[in-house]
Number of protein chains: 2
Amino acid sequence: MANIKDVAKQAGVSIASVSRVLAGRAGVGKTTRQRVLKAIQALDYRPDLAAQRLRSRRTDTIGLIVSDIRNPFFTEISRAVEDMAYQNRMRVILCNADEDPEKERLYLDLMRDEKVSGVILSPSLSILARFQISDYPFPVVLIDRCDRETIADAVVLDNTDSAYRLTVHLIEQGYRRIMFIYDMTSATGQQRHEGYVMAMATRGLETQVKVVPTPVRATVDVAHAIVSELVRGQLLPDALIGSNGLILLGIIQALREVRLQFPEQIALAGFDDSPWTQLQGPGITVIAQPVYDIGQAATELLLQRIAHPSQPMRRVVLPGELRKRGSSARRTGATD
Amino acid sequence: MANIKDVAKQAGVSIASVSRVLAGRAGVGKTTRQRVLKAIQALDYRPDLAAQRLRSRRTDTIGLIVSDIRNPFFTEISRAVEDMAYQNRMRVILCNADEDPEKERLYLDLMRDEKVSGVILSPSLSILARFQISDYPFPVVLIDRCDRETIADAVVLDNTDSAYRLTVHLIEQGYRRIMFIYDMTSATGQQRHEGYVMAMATRGLETQVKVVPTPVRATVDVAHAIVSELVRGQLLPDALIGSNGLILLGIIQALREVRLQFPEQIALAGFDDSPWTQLQGPGITVIAQPVYDIGQAATELLLQRIAHPSQPMRRVVLPGELRKRGSSARRTGATD
DNA sequence: CTGAAAGCGCTAACAG
DNA sequence: CTGTTAGCGCTTTCAG
C-alpha cells in the first residue's frame, strides 16, 4: 500500500504538504492542494491509522460498554451512539459486558489500552458503587444506571418518578395488592423500587416485593420461578410490576403456564417497550424509555466533555412515557 | 504513562529484552525476565497499541459487520464472535450496516483503514451479487447470506431445506393454500422462497407469494400492510409463512388488528425463534437457527484462514430446527 | 542471552 | 506557502 511518501513524490511536494491537505488544514496553496488530491486518488492512498494515532496521540475513538447487548434497550443505544459518533468523525468500539463485572473490568482496561478519547458506560453495581471519575484515564459518561450521589456526567431515565407513575396508574385502575418484582443487579431496579414504595405509601397501601437474586444470568427464568411459586401461595396479588423487560417476560411465561389471564385474574405492568408488548394478550402497560435520545444525549455529553475536560458535571434526566394498555385495564368491581 | 524505555531503565535492561518478555518469546534469561516483569508491575506499564501495530504491521483485530443489530440473530452472533475472538487474543470491531448498502461500504472501507486481520460479514445483496474475495485486502468469511455460486468461506443455514421442511409441515397439517411472504433484500429470503416453491410443487399445490419491496427500513410495517390488504381480498390463504422474524412480527400485528385468530382462521409459521414466539397465542411454529454455532464456526473459519491464507475455501451449512407449535396445529376438518 | 540501532508512517514544530 | 527534520513507542534484525 502507498504511503505518504509515495503521495508526496507523485505530487512533487513534501510530505508535510500532504499531511496538511489530509488534515484539511488551511495554509496550503491551491495548486499544491490539487496536485496532492490527484496523487491521493491516483494511488488510492489511505493514511495509516496506527501511525496517525501514534504520532498525534489522538485516536478519535469512543468506547461504548453496554451491560447486555441482547437487551433491545442497548442495541438501540448503540445505534444512536454510532450515528452521532460518525457524524462527528469519531469511531466507536462497542463492547458487551454481558452483566459480568469481570468482563466489564476487562473492557475498561481495553479502553485504556486503546487510548480511547472517552467512554459511554452502563455500569454494573460493583463499578457504580465506588465510581470515581479520577479512576479512569479518560472521560466517562454513565448511562441507564447512576446513583444520585455519583459524581459523573450521566444520562438516565427518571426511574423513581416513572415507577411512581406506573404504580399510581395501577392504583387508580382499582388495584390494591400490587407486587413489585425487581432485580438488584442494577441501580435502576432499586430506584424503580423506591418509586413504587413511594406511591404505595402515599396511598396507605402495603408493599409487596420479590427480589430476583443478584448476579443471575437467566433473569427470565428466575422471574418465571418466582411467579410460579407465588401462584401456589395463599394470597395472590392482584397486580404485578416487573422492573425490566426480562423480568416482565419471565412473569408472562409463568402466567401463561398456569393459565392465569391478565388483566382478568391479575393485572400486569412493567418497564421497556419491546415489539412484543403490544402483541401480548390485550397489550402490556409499560413505561417506555426515550432510548435513542438517551444514546444521543450521552454522546453529546461525552464529546463536549472531551472538548472541555474541566467543565462542570452534567446530568440529563429524561422522563419515561407511560403507555397504558389492556394489561392494566380498570378492575371490574373495583370500589375505588 | 510509562513507556517501554521507562520499563527498561527501571529493570536495568535494554528495551529489546522488555519487548521479548512482552511478546512471551523464548530466549530470555530467567533473571532478566523476572526483573522486567517486576518493572512492568511497578510502573503499571501497558504497551502502546498504536506503536505495536505500526511497527509489527499486525492489528490482531477482526471486524464483524452485521446487517441489523436490532435483529436478535445478529446480537447473538456478535456474542459468539466476541467470545471466540477474545479466547484467541483478538479484538473485534463490531459494525452495524443497518441494511444500508452505503453504510456497509463505509464500514468495509473502515476495516481496510483499520487494517484488520479479517472480517466476518453478512452481506447485502448488492455486495453479495458481485462478491470477489480478491476485492478485499483482508480475508472475509460470509455469514447468514451466501449464494451457492459465491466463492468464499461461509457459514449459513440450510435455508432452502429449512423452508422446504417448514412448508411440508404445514401441508401435512392439512393446509393447502399456503402463502409465502418474503423480502428480497437478502439472499436468505430468496433461498427460503425456493424451498417453499419446491415443497408446494412436489405436492402439486399452487404457490402464492408476496414480496416485501426491497430496501425498506420498516419491514414490519410493510408486512403489516400486505396482510391487511390480503384480508380484504376474495380468497384468504389458509396459512402464512413469514421469511424472517420481522415479517412474522408484521403479520401478527396485522392479524391482531383484524381479529383473525390463528390457527383457527389462518395458520402461521416463520423463521427465527425469538423470546416472544412462544408467548404469542398458541405459540408460533418456526425454524430456529443454531445462532451461537454460526458465530463460532465463522470465527473459527476466519482464524484458520488468517493462519493459512491459501487453504481451500470452506463452507459450513448448518441445519435449522423445526419447532412445531400451536400456530400450525392440524387443520380441523382437513381431508388430508 | 542481551543490547544497539534502524525504522514502521505519520505529525508538528521550525525555518525559510 | 512550503520543506526539513525530529521523534511518537515499539519490533526486529544484527552483532556481540
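Naming convention: chains lettered A, B, ... in sequence-line order (proteins, then strands); numbering from 1 in each chain.
- Contact annotation: Thr32(A) side-chain N/O to dT2(D) OP1/OP2 distance is under 4.0 Å.
- From one end of the helix from dC1(C)-dG16(D) to dG16(C)-dC1(D) to the other, with five pairs defining each end axis, the axis direction shifts by 40° (rounded to 10°).
- The number of heavy atoms from other shown groups lying within 6.0 Å of CD (Gln41(A)) does not exceed 12.
- Ring planes of Tyr136(B) and Phe131(B): parallel class, angle under 30° (limits at 30 and 60°).
- Across every non-hydrogen atom of Phe74(B) and Asp68(B), the tightest pair is CD1-O, 3.4 Å.
- Atom-to-atom distance recorded for Leu142(A):CG and Asp147(A):CG is 9.0 Å, nearest 0.5 angstrom.
- Going from atom OH of Tyr107(B) over to atom CG of Asp98(B) covers 8.0 Å, rounded to the nearest 0.5 Å.
- Counting to the nearest Å, the P atom of dT11(C) and the CG atom of Asp60(A) are 11 Å from each other.
- Here the options are Glu102(A), Glu104(A), Arg145(A), the test is side-chain hydrogen bond (donor to acceptor under 3.5 Å, both in side chains), and the partner is Ser124(A); only Glu104(A) passes.
- The pair Glu149(B)-Arg130(B) does not count as a salt bridge, with every side-chain nitrogen at least 4.0 angstrom from each carboxylate oxygen.
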Letter per nucleotide, 5' to 3', of nucleotides 9-16 of chain D [B base touched, S only sugar-phosphate touched, - untouched; heavy atoms, 4.0 Å]
BBBB----
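- Residue Asn71(B) holds its CG atom at 11.5 Å from CD of Glu76(B), rounded to the nearest 0.5 Å.
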